[in-house]
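Since the structure comes first, as structure tokens, the remarks are kept for the end.
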Amino acid sequence: MHPVLKTVLQRLGLGMITLFAVSIIIFSSLALLPGGYAQNILGQGATPELVKNFNHELGLDRPASVRYVEWITNAVQGDFGNSYSGTTGTIKRSVSAIIAPRLYNTFFLAATAAIVAVPLSLFLGIMAALYRNSWFDRIINSVTLTTIAMPEFFIAYILVYVLAVKLRWFYPNSTVSANTPFLEHLYRVALPALTMTLVIVAHMMRMTRAAIINLLAAPYIEMAQLKGISKSRVILRHALPNAWAPIATVIAFNLAYLVVGVVVVEVVYVYPGIGQMMVDAVSSRDMPVVQACALIFAATYILLNLLADIVSIITNPRLLHPK
Amino acid sequence: MASETKRVKGDVLLEMKGIVIDGKSDDKWNPIIRGVDLTLKRGEVLGLIGESGAGKSTLGLAGMGFARPGCRITSGSIIFDGIDLIAASEEKRRGLWGSRIAYVAQSAAASFNPAHHIIDQTTETALGHGIMPRDKAEADARDLYRRLQLPNPDTIGLRFPHQVSGGQLQRAMTAMAMSCRPDLIIFDEPTTALDVTTQVEVLAAMRDIVEQFNTAAIYITHDLAVVAQMAHRIMVLRYGNLVEEAPTRTMLKQPTQAYTKSLWAVRSLAKKERSSDDIVLDVQNVSASYGNHIKVLDDVSVKIPRGRTVAVVGESGSGKSTLARAITGLLPPSTGKILFNGQALPGALKNRERDTLRRIQMIYQSADTALNPRQKVRDIIGRPLEFYLGLNGADRDRKVVELLESIELDESYIDRLPSEMSGGQKQRVSIARALAANPEVIICDEVTSALDQIVQEEILKLLMKLQADTNVTYLFITHDIATVRAIADEIVVMHKGKVVQQGLKSKVLNPPYPAYTELLLSSVPQMDPDWLTGLLKKRQSAQA
């Protein structure tokens with residue numbers, strides 16, 4: 001087996017173990033939350049008797065370890081159980097059915113933002129490295145720093161005010177449903193995607209710039225200069241190929257943020273994503289939904305970091321082509 | 001373009017006058033080169049020698065009209081084939097670089113981009129300057145690889161830099177420099193990072209190809225014997241000034257300046273050997289490896305007598321540093337044992353008593369990486385005093401001062417940081433740190449390799465003085481035969497993880513030699529300018 005494939009499989013295995021450990025942490029920390037679904041739904045009328053019945057119906061009177069084993073065994077088979085909130089009598093709403101459309105929306109928004117933000121920050125980072133300490137470099141650095149320094153809801157409201165309210169180019173909110181056509185959906189997420197882009201570009205762009213500049217003192221860069229190669233070629237062909245590893249790590253981190261950190265932006269734009277749903281589920285103590293969301297977030301982080309690891313392996317010829 | 005230029009041997013190709021170059025340190029500009037003139041004719045090889053900090057690389061690079069970041073050419077003129085390189089635009093200079101003036105750097109391993117195939121880097125210059133199409137450039141690169149006697153010249157270019165050896169890479173870099181048939185090549189210490197046996201081949205290949213194409217060259221090195229083989233003329237630099245300049249043979253026979261003479265004299269340091277039967281460290285049939293790979297030490301047996309200096313010589317990869325790691329316990333041997341004062345040493349460091357650890361100390365090649373840059377000398381030397389001997393406070397400081405005296409530094413050094421000392425002083429502090437533990441054995445791993453010749457001599461003398469005072473035993477790992485002559489009582493020759501030969505200095509350095517010892521000793525450059533030619537002839541006739 002090629003050593004790279006072996007490493008990737010190893011990392012994948014480690015990722016699974018991490019995910020498993022995270023599932024225990026999620027389950028046990030949720031078990032520590034005060035109150036419960038029964039108290040929450042019954043409110044003033046939560047007599048001990050009623051709560052007991054309620055919990056019995058939901059299976060919550062069994063020991064936590066039993067419930068965990070049941071949950072994780074079903075989860076690995078793709079069954080995340082039923083939402084409490086939909087369970088009345090014989091009607092049951094499966095968690096997967098509730099999450100799926102929300103997850104799609106979240107990934108749709110994240111992908112839109114990523115497709116704009118990643119190439120843009122790479123381009124800006126490379127240009128800033130090429131014209132380092134020039135006016136371009138300084139302006140791009142301070143603009144991106146400003147956008148990252150502002151809270152995202154603030155950016156969101158400014159964009160709504162200027163682009164939706166004043167100029168009327170976009171809708172001020174991003175309500176979509178399962179029936180929204182693709183292009184309409186794209187148009188509706190433009191503002192939230194732009195907000196997220198402004199939030200993450202600075203980080204990725206600055207890392208690209210720093211990773212490249214970090215290499216400029218390397219003897220092979222001096223050698224390339226002394227071969228009479230143009231400045232842009234020195235950066236693109238001699239520095240960038242060796243700079244991918246740190247850049248990929250930061251990109252992975254930011255992409256994960258696009259999936260798991262969007263709740264504020266979702267709320268501002270009234271966008272039906274998974275973050276909004278998770279917050280609702282936490283406040284109503286709808287544990288199966290919360291657990292499933294948390295597990296998806298953890299898996300996203302692990303997978304994206306695995307991807308970053310793979311990128312750093314395959315862009316390193318020492319690892320890809322051993323002696 | 002190079003091919004259109006009429007090449008007449010003897011014409012002046014490069015003329016540098018009154019060159020002053022400043023370097024920035026601590027936000028101040030200080031002169032590195034203080035008004036040097038340099039003239040180079042077509043097809044001529046000029047040797048530029050001096051110790052580190054003499055400004056030879058800076059001057060060599062200025063010959064391309066290039067100053068490293070943090071340096072600036074403040075005055076003087078540089079005329080290359082009628083072109084004023086200082087007045088020329090950056091665009092114009094870049095047009096000359098690679099195509100008419102090429103550069104060969106010290107470490108090929110660091111100067112090749114790890115991300116690209118060797119042949120793409122070789123042809124990049126010719127393609128970038130639009131001198132020839134890709135297929136022609138690649139064919140030419142393969143031809144150059146063949147002329148430089150690289151193995152598998154047709155396919156070696158398809159490898160990545162990390163997949164070939166240092167000597168091969170250095171030749172590939174020469175091919176890269178030659179790709180546009182430049183008028184001038186700057187060789188910047190091109191063989192310093194190589195083993196002596198590899199160096200011979202690389203020197204021969206570079207000399208041949210420069211002759212074949214009648215290329216002028218500036219050959220920068222600190223090694224006199226090397227420059228004697230390569231250069232027609234030699235310039236000696238010190239502190240950015242020209243000390244002396246003469247044709248090679250004249251310079252070797254009759255150096256006129258005291259400084260030049262002192263450079264010549266270092267190699268004459270030699271110690272009389274003493275034998276001893278009192279064995280302090282007895283390595284018996286030790287094998288060791290990293291991971292589950294090839295044995296780096298293969299059935300190695302070495303006896304080290306007390307109060308003597310045993311030099312371990314061999315090329316990189318011979319296992320000499322691994323031997324040190326096995327003795328110190330950093331790499332437990334897989335088989336065999338090590339007796340220390342007749343007692344078997346536990347293989348792993350963590351199983352050894354603190355007092356055993358105290359008795360075996362190490363000094364490293366690079367004091368820069370071996371000393372904590374944020375600690376003052378007081379703490380660097382004080383730490384082993386505290387750890388092994390339990391000294392604290394004023395007692396500790398008193399002992400530190402004592403140790404400083406023994407390494408010939410005064411007590412004001414106690415509050416210095418490593419960055420506030422010279423290379424030789426830092427290495428002295430490393431020695432004092434090892435001595436602080438009051439050890440029986442000190443393992444010296446290439447301790448003088450990174451130092452200038454004059455400083456080397458001082459350090460070697462200090463080590464010998466300390467041995468006379470304390471009867472400490474040295475295991476002295478080095479690849480430099482001159483150092484061995486200077487300091488050793490006994491010599492161990494290692495090759496590919498095995499001991500080729502062990503014996504008294506007089507025995508190992510005199511015939512009859514085992515084959516490998518012969519190869520190693522004959523590859524050490526001599527001050528005779530005909531040495532390389534003679535050696536190649538002898539080896540050729542031996543092969544025929």
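Below, all heavy atoms of this structure are taken into account, side chains as well, without hydrogens, waters or symmetry copies. What you see is a predicted model; the values in this text were computed from it and never measured. Chain letters run A, B, ... following the sequence lines, proteins first, then strands; residues in each count from 1.
Within the 4.5 Å cutoff, the side chain of Q121(B) has no heavy atoms near those of the R237(A) side chain. Residues L226(A) and I186(B) fail the side-chain proximity criterion, which asks for heavy atoms closer than 4.5 Å. H129(B) places none of its side-chain heavy atoms less than 4.5 Å from the side chain of I229(A).
Here the straight-line distance linking atom CD of E222(A) with atom CZ of F66(B) works out to 4.5 Å at 0.5 Å rounding.
Note on ring orientation: taking the six-membered ring where Trp is involved, the planes of H116(B) and H238(A) are perpendicular (angle over 60°, cut-offs 30° and 60°).
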- Could you walk me through whether M176(B) and M223(A) pass the side chain to side chain contact (heavy atoms under 4.5 Å, CB included) test, one step at a time? CA-CA 11 Å; M176(B) 186 160 90; M223(A) 191 72 219; 3.6 Å; yes
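For F112(B), the part lying near chain A is the backbone, with the side chain staying farther off; criterion is any non-hydrogen pair under 4.5 Å. With a 4.5 Å cut-off on non-hydrogen atoms, R93(B) does not touch chain A at all. L61(B) touches chain A through its side chain: at least one heavy atom from C-beta onward sits under 4.5 Å away, while N, CA, C and O do not. Heavy atoms of A110(B) lying under 4.5 Å from chain A belong to its backbone as well as its side chain.
Atom CE of M16(A) has 12 or fewer neighbouring heavy atoms from other residues, nucleotides or ligands inside a 6.0 Å radius. Taking a 6.0 Å sphere around OH of Y68(A), one finds it holds more than 12 heavy atoms contributed by other residues, nucleotides or ligands. Within 6.0 Å of CZ on F136(A) lie more than 12 heavy atoms contributed by other residues, nucleotides or ligands. Within 6.0 Å of atom CD in Q10(A), more than 12 heavy atoms from other residues, nucleotides or ligands are found, so the atom counts as buried in its surroundings.
The nearest pair of heavy atoms linking P114(B) to P317(A) is O-CG, 2.8 Å.
Contact count against chain A (heavy-atom pairs under 4.5 Å) is highest for S111(B) among A102(B), A105(B), G98(B), S111(B).
Between the H162(B) side chain and the H321(A) main chain, a donor and an acceptor come within less than 3.5 Å of each other.
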